[in-house]
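First comes the structure, then the notes that go with it.
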Amino acid sequence: MPRLTADQKHRVHFTLNGRPVSAVAENRMLLTDLIRHELGLTGTHVGCEHGVCGACTVQIDGQPARACLTLTAQVEGADVRTVEALAPAPDRLSALQAAFRRHHGLQCGFCTAGILMSLDALLRDRPEAGSDEIREQLSGHLCRCTGYASIVEAALSAAEEIRKEEVSENV
Ligand code: FES
Ligand code: FES
């Protein structure tokens, strides 16, 4: 079998924000580069580019993942979500996004997309999460501006909203 080199290309198929994607990428291409530069979704930010800051966090099969550490070949067949998919409609924010706005959970916004994707995954699985669990989830994210307290408040408020929505859906 011929040896693959980094500058050779491959075709990758995956779902991005609910839509099928088929893209050609260099073997060494990172998911951040594919999403931002080839597919034009620039909501996913890039900070450190080596897995430390969390700015590039997306969801892969429902779990938060560092897009700057993910090769495009690794998402073959996967379900990838970026921050562009969070709002349920163009004129509506998700409960988490709305809570960030209410509680001033962002300032410059550089870290925000990654944090939203992490907290969205947590609260989808565990809307009963308390501040310790939320802080644990935030431990993989660096924010230079907020001091984190307003982000935790926003997440707690969103969790309460999500629990209320679940109760009203089950009545
Ligand atoms: Fe990926 Fe910092 S850009 S973790
Ligand atoms: Fe500026 Fe977090 S809001 S880095």
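Numbering of ligands and ligand atoms starts at 1, following listing order.
- No side-chain donor-acceptor contact under 3.5 Å links Arg36 and Thr44.
- Residue-ligand proximity, Cys145 to ligand 2, at heavy-atom distances under 4.0 Å covers atoms 1 (Fe), 3 (S), 4 (S).
- Taking the ring axis of Phe110 as reference, the NZ or CZ atom of Arg144 stays within 45° of it and closer than 6.0 Å to the ring centre.
- For the residue pair Asn17/Thr82, the side-chain donor-acceptor check at 3.5 Å is satisfied.
- The pair Arg126-Glu133 counts as a salt bridge, with a side-chain nitrogen and a carboxylate oxygen less than 4.0 angstrom apart.
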Can you give me every donor-acceptor pair (side chain of residues 149-156, partner residue at least two apart or in another chain, under 3.5 Å) with its distance?
unit_1, atom_1, unit_2, atom_2, d
Ser150, OG, His104, O, 3.0

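- Around ligand 1 you find Gly47, Cys48, Glu49, Gly51, Val52, Cys53, Gly54, Cys56, Arg66, Cys68, each with a heavy-atom distance below 4.0 Å.
- Side-chain contact of Thr72 with His10: a donor-acceptor pair under 3.5 Å is present, judged by distance alone.
- Ligand-side atoms of ligand 2 in range of Gly109: 1 (Fe), 3 (S), range being under 4.0 angstrom from any heavy atom.
- Metal site remark for atom 2 (Fe) of ligand 2: Cys108 contributes no N, O or S atom at a distance under 2.8 Å.
- With no hydrogens or angles considered, no side-chain donor-acceptor pair links Arg92 and Gln97 at under 3.5 Å.
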